[in-house]
Each structure stands twice: as structure tokens, then as C-alpha cells.
J.: 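Have a look at this one before I ask anything.
Computed from a predicted structure; not experimentally measured.
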Amino acid sequence: MQIIRDIAMLDRAVAALKQGGKNVALVPTMGALHDGHLSLVRMARRVADHVIVSIFVNPTQFGPNEDFAAYPRDEARDAALLVEEGVGLLWAPDVAVMYPGGHSTHIEVAELGADYCGAARPGHFDGVATVVAKLFNQVRPDIAIFGEKDWQQLAIIRRMARDLDFGLDILGAPIARDPDGLALSSRNAYLSAEQRSAAVAFPTALKTASAALANGDDMYETLAKAEAAIVAGGFDSVDYIALADADSLERLNIFRAPARLLAAARIGKTRLIDNYPVG
């Protein structure tokens, strides 16, 4: 596997991969890879001739009081996992390559990034959209694959790709979960053993609420019950829990398809997100 940190070298490597009409899939990550990331890589291998994975812990999507410095980093371990998965190229630029001196441009996907995690983390999705746009321009993939765990992020990237005419396919990969239902996340490593046991209350409550909403139960009562169950299960607070249009992310007062139940909750110092399809 090639590990490339220089844009000029990346240009040459991508051109070589695309020779003969071959196509390329990009899996953008921030490292600290787990089985959820690897499921994206496996999906990429099924749909493309070549797979490029990027690892870049993007400072512009972290707020001033968030965990940028503490975010888990272990490139050697990540690279070994990617070799086992048959990845041919790892794009691992440093901050100076991604944001050279004087960098002053950012992308904002209005409305889609304002609610939910965008409200709790101002500027977060501007940082996400900007770095993903740069990755698309650097790698020039035919396909890009993102996990459905961050449904709001996936919707924003799809809109950005359409609005800016990137001309590539954005695929969403199903959420990878532990056997007890907790969505896989790099931030799960922050949980103590007691918090990890309690964390199952989060997906359990969302799954129950999703089924109730699809059955026609009252939305406000259903969401209130879900929030109460999450807190009773050991979480300190729920940032939000909402029924949203799956494409526009508009908050819904009653269920209509396609819809997604979106939520974020805090346990200790860790903030977890999750979502379930409704109907």
C-alpha cells in the first residue's frame, strides 16, 4: 500500500490507478479505524476498481472546547488494517498540506447544517464540507462512501456535491453496530466500562421509538418517552431527538416517508450520535 502525503505525488498515483478506464472510490476518515470504517472499505472494494482511504484529523470541524488534541490517532495500526483489507493507497496529508498558509476559504451548506449537530457544534459542518470538498478535488474519485451513522453529514455532503457539480456518486453505508446495538464510533473508546454498559440505552430507545412512530403513535409523546429512557439508562443529557425528512432534514410533526429519527446524547464527557430509519 502506498502512503502518500504530498499532493503532487497523489496526482501521479491517482492518474496511474485510473489508467485504462479504471474507477476509484474514496473512503474519507479521521483514522482510529474500527469495523465501521472497514465496512465502508469493503463496500468500496465491491463498487470500484481501486480504493483510496484518506486519514486526516480535520481541525476546522472541531470547536474550541472539543477533543481535537485528544482525538485518537494511531496511523501505524490504521495502515496495517487497511493493508489487510487490500487498500492500495492511503492519503495522509498533514495540516500544512491540507490548509497551507493563508487558507481563507470555507464552504457552508446553508439550512442543512444549521440544526441538530450543527446547532450544538457551530461551524462543525462548515469544516466538514470544506475538507470533503478539498478531498474530492485532491483525489478526484468516481465514488465516495460515507457511513450513515452521521446522517446529517451524509445529507450535507450529498447536497454539496450536487450544488457544486462534483460529478461523483455519494454512497451511504449502513451503520455498523456492536451486538448490543451501539453504533461503532471512534469516540466509544472514551467510555468507561460502566458507561459502555449504559450506552446501550441509546440505540434501544431510538429503535423502540422508530417502531412506534412507524406504527402511528403520537410523535411528541414517543420522542419524550425515548428521551426519558436514554437519561434513565445512564446518560447525562440528550442534545436533541427529532423526526426528520431523510433528504431535506426538515423537522417533521407527523411521520411521512422517507424519514429518519436523529439523536445525540452525552454520557460523561462523551457525545454520541445515532439515527434510525422510520418506516
Side-chain angles (χ1 to χ4, degrees), residues 25-48 51-58 61 67 71-75 77-87 90 116-117 128 132 135 141 143-158 169-191 193 195-211 226 230 233 235 241 244 246 258-267 270-278:
L26 170 66
V27 180
T29 82
M30 294 206 301
L33 302 182
H34 50 66
D35 282 343
H37 296 110
L38 300 181
S39 72
L40 309 187
V41 172
R42 292 164 193 149
M43 182 176 183
R45 290 184 61 196
R46 291 195 298 270
V47 300
V51 177
I52 297 176
V53 174
S54 65
I55 294 179
F56 180 68
V57 183
N58 177 35
Q61 68 190 69
D67 58 348
Y71 195 86
R73 296 165 171 85
D74 190 345
E75 186 183 294
R77 172 186 171 276
D78 292 343
L81 290 172
L82 295 176
V83 168
E84 290 180 7
E85 294 295 333
V87 173
L90 170 60
Y116 314 118
C117 284
V128 170
V132 170
L135 288 168
I143 302 163
I145 298 179
F146 296 83
E148 292 183 350
K149 180 172 74 72
D150 194 333
W151 188 268
Q152 185 175 15
Q153 173 180 276
L154 177 60
I156 286 169
I157 290 168
R158 282 174 166 157
D169 292 327
I170 309 291
L171 304 184
I175 299 172
R177 299 183 181 275
D178 276 333
D180 64 1
L182 185 67
L184 299 187
S185 169
S186 299
R187 288 187 169 92
N188 291 353
Y190 300 159
L191 301 174
Q195 290 169 339
R196 176 60 189 81
S197 295
V200 68
F202 191 26
T204 300
L206 296 184
K207 187 175 182 180
T208 299
S210 172
I230 293 166
F235 280 75
I241 181 167
R260 207 87 184 182
L261 186 61
L262 310 176
R266 297 177 186 268
I267 183 167
T270 305
R271 182 179 186 272
L272 299 179
I273 62 171
D274 203 345
N275 68 87
Y276 270 83
V278 181

J.: So, do Val47 and Ile145 sit near enough that their side-chain heavy atoms are less than 4.5 Å apart?
T.: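 Touching, per the 4.5 Å side-chain cut-off.
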J.: Going by heavy atoms in the side chains, are Phe56 and Leu135 under 4.5 Å from each other?
T.: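 Sidechains of Leu135 and Phe56: no contact.
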J.: Considering non-hydrogen atoms only, spot the tightest contact between Pro28 and Ser54 and give its length.
T.: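 In this case the closest contact between Pro28 and Ser54 is CA-OG, 3.1 Å.
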J.: Within the structure provided, determine whether Val87 and Leu81 are in side-chain contact (heavy-atom separation under 4.5 Å).
T.: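 No, side chains not in contact.
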J.: Within this structure, what is the CG-CG distance for the pair Leu38 and Leu82, rounded to the nearest 0.5 Å?
T.: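 Those atoms lie 7.0 Å apart.
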J.: Do the non-hydrogen side-chain atoms of Pro72 and Tyr190 ever get within less than 4.5 Å of each other?
T.: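 Heavy-atom side-chain distance check passes, below 4.5 Å.
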J.: Does the Ser186 side chain pair with the main chain of Ala32, one donor and one acceptor, at a distance under 3.5 Å?
T.: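 It does hold such a pair.
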J.: Could you walk me through whether Val132 and Asn58 satisfy the side chain to side chain contact (heavy atoms under 4.5 Å, CB included) test, starting with their C-alpha distance in whole Å, then the side-chain angles of each, then the deciding distance to 0.1 Å, before giving a yes or no?
T.: CA-CA 10 Å; Val132 170; Asn58 177 35; over 6 Å; no
J.: What are the two closest heavy atoms between Glu148 and Leu154, and how far apart are they?
T.: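 Taking every non-hydrogen atom into account, CG-CD2, 4.0 Å.
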J.: For Lys207, is there an ion pair with Asp274 - N to carboxylate O distance below 4.0 angstrom?
T.: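 Not counted as a salt bridge, because no side-chain N and carboxylate O are separated by less than 4.0 Å.
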J.: Can you list every pair that meets salt bridge (charged side-chain N to carboxylate O under 4.0 Å, His left out) and has a residue in residues 35-46, with sequence neighbours left out?
T.: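 Listed once each, the pairs are Arg42-Glu85.
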J.: Does a side-chain heavy-atom distance below 4.5 Å link Lys149 with Leu184?
T.: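 No; the side chains remain at least 4.5 Å from each other.
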J.: List the atom of Arg177, the atom of Ala183, and the distance in Å for their closest heavy-atom pair.
T.: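 Result for this residue pair: NH1-N, 3.7 Å.
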J.: Set out, in order, the CA-CA distance, both residues' side-chain angles and the distance that settles side chain to side chain contact (heavy atoms under 4.5 Å, CB included) for Ile267 and Phe202, then state yes or no.
T.: CA-CA 10 Å; Ile267 183 167; Phe202 191 26; over 6 Å; no
J.: With rounding to the nearest 0.5 Å, note down the distance linking CG in Asp150 to CD1 in Ile156.
T.: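 Reported to 0.5 Å precision, the distance equals 8.0 Å.
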J.: Between Ser210 and Tyr276, which heavy-atom pair has the shortest distance, and what is it?
T.: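 Looks like CB-CB, 4.1 Å.
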J.: Check Ala246 against Trp151 and note the closest heavy-atom contact, atom names and distance.
T.: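 In this case the closest contact between Ala246 and Trp151 is O-NE1, 2.8 Å.
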J.: Indicate yes or no: at least one non-hydrogen side-chain atom of Arg196 is less than 4.5 angstrom from one of Asp180.
T.: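 In short, these two side chains touch, coming nearer than 4.5 Å.
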J.: Rounded to the nearest 0.5 Å, how far does OG1 of Thr204 lie from CG of Leu182?
T.: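 Output value for this atom pair is 9.5 Å.
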J.: Determine the minimum heavy-atom distance between Pro203 and Gly181, stating which atoms define it.
T.: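 Between these two residues, the closest heavy atoms are CB-O, 3.4 Å.
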J.: As an exercise, state the distance from CG of Asn188 to CG of Leu272, rounded to the nearest 0.5 Å.
T.: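 If I round to the nearest 0.5 Å, the distance is 6.0 Å.
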J.: Taking only residues two or more places apart in sequence or in another chain, which ones pass salt bridge (Lys or Arg N to Asp or Glu O under 4.0 Å) with Asp67?
T.: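 Asp67 satisfies salt bridge (Lys or Arg N to Asp or Glu O under 4.0 Å) with Arg187 only.
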J.: Side-chain contact test, heavy atoms from C-beta onward, threshold under 4.5 Å: evaluate it for Ile241 versus Leu261 and give yes or no.
T.: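 A side-chain contact exists here, since the closest heavy-atom pair is under 4.5 Å.
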J.: Got His37 and Val41 here, is their nearest side-chain heavy-atom distance under 4.5 Å?
T.: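 Side-chain contact under 4.5 Å: no.
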J.: Could you measure the distance from the CD atom of Glu75 to the CG atom of Leu33? Nearest 0.5 Å is fine.
T.: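 Going from CD on Glu75 over to CG on Leu33, the span is 10.0 Å.
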J.: Say you draw a straight line from SG of Cys117 to CZ of Arg271; how long is it, rounded to the nearest 0.5 Å?
T.: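 So the gap between those two atoms works out to 4.0 Å.
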J.: Could you check whether any side-chain N or O of Arg73 sits under 3.5 Å from a backbone N or O of Tyr71, counting only pairs where one atom can act as donor and the other as acceptor?
T.: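 Looks like yes, one N/O pair under 3.5 Å.
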